[in-house]
Amino acid sequence: MAMAKPLSALQGIDEELREVMRDSLFIDAARRDALCAALLRRIDMLAEFVRSRSSTSWRDERSADVVEDIAYSGAQAEEERGQ
């Protein structure tokens, strides 16, 4: 599984889950394997979502910056007042 950096903390979580369920009276080995596999698929889906969102993430640019500092006094421009 190629995990995105933000999800690297989840690496090996399937083995931890397997260990937690190992002595369960209600979860046999086949179900445990299925749950761990499902967990890994969900993590892959989450990683894919993170990768898809990273290409459209916010970028530090100046296109929306204020070009000229003009104080607003609350008064309308003369041409707007006449209409």
Side-chain angles (χ1 to χ4, degrees):
M1 168 177 55
M3 201 173 293
K5 283 187 180 189
L7 302 178
S8 63
L10 295 176
Q11 194 163 12
I13 192 79
D14 59 316
E15 292 304 320
E16 288 184 37
L17 178 61
R18 188 178 309 280
E19 183 63 28
V20 167
M21 295 185 294
R22 184 168 40 102
D23 295 328
S24 174
L25 299 173
F26 306 103
I27 302 174
D28 62 5
R31 186 167 197 76
R32 188 169 51 240
D33 292 342
L35 289 170
C36 289
L39 176 62
L40 289 177
R41 283 192 304 273
R42 296 290 288 201
I43 292 171
D44 283 340
M45 289 169 46
L46 182 58
E48 180 57 35
F49 177 76
V50 168
R51 280 191 296 275
S52 73
R53 303 298 293 173
S54 65
S55 64
T56 59
S57 66
W58 178 81
R59 299 169 203 259
D60 189 14
E61 58 174 82
R62 297 184 46 164
S63 66
D65 285 0
V66 174
V67 178
E68 185 178 346
D69 186 13
I70 301 173
Y72 176 69
S73 66
Q76 295 176 327
E78 287 189 34
E79 56 271 359
E80 290 178 3
R81 278 187 255 157
Q83 295 177 355

**Q.** Hydrophobic cluster membership, Ile13 vs Met21, 4.5 Å side-chain cutoff
**A.** yes
Q) Under 4.5 Å between any side-chain heavy atoms of Asp33 and Arg18, yes or no? A) yes
Q. Looking at CZ of Arg51 and CG of Asp44, how far apart are the two atoms once the value is rounded to the nearest 0.5 Å?
A. 7.5 Å
(Q) Nearest 0.5 Å, please: how far is CG in Asp14 from CD in Glu16? (A) 9.0 Å
Q: With rounding to the nearest 0.5 Å, note down the distance linking CG in Leu39 to CG in Leu17.
A: 6.0 Å
